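Take a look at the structure set out below.
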Amino acid sequence: CWKWYVMSGLAKRLIVDNNVDAEFLAELWDISSSCGHDEDLNMHKHYKKPDSGALAGHGTSDNDMEVKVDMQTNPRSLETNSQNEIIFTLKDSDGKPLDLEISHERILHTIIISEDFSTFAHIHPEDLGAITDEMKKEAKYPVRFTFPKAGKYLIAIDFSSGGNDLSKQFFVNVKGEPAMNEFIPDFTKEIDIDSYHIELNTEPENIIAGKEIKLIYNVKKNGELVKDLMTYLGAPMHVAVVSSDLKHFVHTHGEVPGEEMIGHGEHMMLNNFGPELEAHLKFPEKGIYNIFGEMNHNGNRILSHFSVDVK
C-alpha cells in the first residue's frame, strides 16, 4: 500500500542523511498490521502529556504541543576519536522555528549515553559560546562531541517552549576503534569516585514497575558527610535514567529533602545542602535501568552511575 512506499523512502533518508539507527526505525515503524491508518508513530512526534509519574521527566505540561526536531551530524558518518558536530533544528507544527526558553540555565540540554553505559555526557550549545540571534531565528543549535568507542549511542535532548518541557531521543551508530564492551550490570549500592563515597538507596527497597519510588542519595568525602553541595545547572542534582535496551529514557532532577520548587521545573538556588538528595520516579516496565547522577561540590562535577533491577 501507499504507506510502505512513503515510509521506506523516508527511512532511507533518515538513515543515510541523518545517521538514524536502522534498528530503531524498524521498531518505531511497525506498520505490518496497520497499513493505511494514521495512528503509526513517526520521527516527528506529537508530544503528548505523559502518564503522571512515568519515566518521562520532560514531557509536556497540561497542554499538548506538537514540535518537530531534526538532527544532522557533521561529518555525516560518525567515527571515534574525532570531534563531531551535532546540529538540532526545532520547528513548530506550522514548520516555523521554535522559540525556546532557558531551562536550568541552558537553552537546550543534550545527553549522550553509549549502549555499554561506559560513556555519559551532558552538553549544551552554550559550551561553544554565546547563543546568537541567528541560532534563535533559525532554531538551529549545535553541540560537539568526541565519541570514545564504536557502537550505538542514545542522543537525547531536553528543551522548553511555551511553558512546556519537551524531550526527543535519537540513536546513532559510530564507526572506528575501540569497540564497546558488553554491558554487565553491577547492582552495588555504594561507589567510590576519587575521594567521594556515594550511596544510593530506594524507598521501597524492591522496585516494582508502575509504582512510584524515591531515590535517596547520600554523599561523603574522605569519610565525612558532605553538607556543602551546591546547585548544578539550576538544580540540586541532575538525574538521567535509561533502560538497558535504551528504549526508556528520562532526564529529571534531584531535590533537597523539604525543598520547594519555584515552578516550571526550576529549583530554589540553594547552596550548602546535603549530604542527602532524593528524586521521585516511576519505571514503566520491568528490566534493568541505569541511573546517572550529577552533583556539584566546590565547583567539581561529581558523576555517579548505578544500575537497578525493576521487577
Side-chain angles (χ1 to χ4, degrees), residues 10-25 28 43-45 58 67-92 95-161 166-180 233 238 240 242 246 249 251 292 294 301 303:
L10 182 56
K12 184 182 295 184
R13 179 182 174 187
L14 289 169
I15 294 168
V16 175
D17 293 348
N18 294 294
N19 206 35
V20 174
D21 182 65
E23 293 181 6
F24 171 68
L25 282 180
L28 188 64
M43 289 301 292
H44 298 308
K45 290 183 181 179
H58 279 261
V67 299
K68 298 178 181 179
V69 183
D70 290 324
M71 183 185 77
Q72 294 181 325
T73 64
N74 184 23
R76 184 176 297 173
S77 179
L78 300 174
E79 296 188 0
T80 58
N81 301 315
S82 62
Q83 192 174 76
N84 300 274
E85 186 175 47
I86 306 169
I87 304 169
F88 302 100
T89 304
L90 303 93
K91 297 181 180 181
D92 63 19
K96 298 179 181 179
L98 191 67
D99 185 20
L100 299 189
E101 302 157 354
I102 298 295
S103 176
H104 288 93
E105 302 181 3
R106 298 293 185 270
I107 201 162
L108 183 145
H109 297 258
T110 303
I111 290 179
I112 300 175
I113 302 174
S114 61
E115 190 175 31
D116 67 354
F117 303 102
S118 66
T119 298
F120 175 90
H122 182 178
I123 57 179
H124 315 87
E126 290 92 339
D127 299 342
L128 305 180
I131 299 298
T132 65
D133 291 338
E134 183 178 359
M135 290 180 188
K136 294 179 180 179
K137 182 178 179 180
E138 298 181 355
K140 185 173 290 188
Y141 299 95
V143 295
R144 291 176 189 158
F145 187 68
T146 300
F147 295 92
K149 295 181 180 180
K152 184 176 180 179
Y153 288 81
L154 165 70
I155 300 179
I157 63 170
D158 294 322
F159 53 97
S160 295
S161 180
L166 303 168
S167 179
K168 184 74 174 80
Q169 292 88 48
F170 299 87
F171 297 92
V172 297
N173 285 310
V174 177
K175 301 177 181 179
E177 296 291 341
M180 293 182 191
L233 294 173
H238 283 250
V242 60
L246 301 182
F249 169 82
H251 171 202
F292 295 90
E294 296 173 279
R301 170 179 170 265
L303 175 63

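None of these values were measured; they are calculated from a predicted model. When reading the values below, keep in mind they use all heavy atoms of this one structure, side chains included, and skip hydrogens, waters and symmetry mates.
- D158 and S167 get closest at one heavy-atom pair: OD1-OG, 3.0 Å.
- Relative ring orientation between H109 and H122 is described as tilted, the plane-to-plane angle lying within the 30° to 60° band.
- Shown here for Q169 and F249, the closest heavy-atom pair between the two residues is NE2-CD2, 3.8 Å.
- Going from atom CD1 of I131 over to atom CG of L128 covers 8.5 Å, rounded to the nearest 0.5 Å.
- Looking at L98 and K91, their side chains never come closer than 4.5 Å, going by heavy atoms from C-beta outward.
- Not a single donor-acceptor pair under 3.5 Å links the side chain of D70 to the backbone N or O of K68.
- The two atoms that bring I155 and F147 nearest to each other are CD1-CZ, 4.4 Å, heavy atoms only.
- No side-chain heavy atom of V174 sits under 4.5 Å from any side-chain heavy atom of K149.
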### Task
Assess whether side chain to side chain contact (heavy atoms under 4.5 Å, CB included) is satisfied between H124 and I107, documenting all intermediate values.
CA-CA 8 Å; H124 315 87; I107 201 162; over 6 Å; no

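- A donor-acceptor contact shorter than 3.5 Å is absent between the side chain of H251 and the backbone of I111.
- Using a 4.5 Å heavy-atom cutoff, the side chains of L246 and F117 are in contact.
- One N or O on the side chain of T80 and one on the backbone of E177 form a donor-acceptor pair closer than 3.5 Å.
- Counting heavy atoms from C-beta on, the side chains of M180 and Y153 come closer than 4.5 Å.
- Atoms CG and CG, on L166 and L90 in that order, are 9.0 Å from each other to the nearest 0.5 Å.
- In this structure, T73 OG1 and F170 CZ are separated by 11.5 Å, a value rounded to the nearest 0.5 Å.
- A pairwise comparison of heavy atoms in N84 and E79 identifies ND2-O, 3.4 Å as the closest pair.
- Residues T110 and Y141 have side chains not in contact (no heavy-atom distance under 4.5 Å, counting atoms from C-beta outward).
- When all heavy atoms are compared, the tightest approach of R144 to I123 is O-CD1, 3.6 Å.
- Counting heavy atoms from C-beta on, the side chains of I86 and V172 never come closer than 4.5 Å.
- Closest non-hydrogen pair, F292 versus F120, comes out as CG-CD1, 3.5 Å.
- The backbone N or O of D99 lies less than 3.5 Å from a partner atom in the side chain of S161, making a donor-acceptor pair.
- A donor-acceptor pair under 3.5 Å is absent between the side-chain atoms of E294 and the main chain of R301, judged by distance alone.
- Contact of the Q72 side chain with the T89 side chain is not registered, since no non-hydrogen atoms from C-beta on lie closer than 4.5 Å.
- With values rounded to the nearest 0.5 angstrom, L108 atom CG is found 10.0 Å from I102 atom CD1.
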### Query
Run the side chain to side chain contact (heavy atoms under 4.5 Å, CB included) check on K136 and L100 step by step: do they pass?
CA-CA 8 Å; K136 294 179 180 179; L100 299 189; over 6 Å; no

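- Between atom CG of residue N173 and atom CD of residue E115 there is a gap of 8.0 Å, rounded to the nearest 0.5 Å.
- With values rounded to the nearest 0.5 angstrom, H104 atom NE2 is found 8.5 Å from L233 atom CG.
- Looking at K140 and M135, their side chains never come closer than 4.5 Å, going by heavy atoms from C-beta outward.
- In this structure F88 satisfies the ring-ring contact (aromatic ring centres under 6.0 Å, His included) test with no other residue, sequence neighbours excluded.
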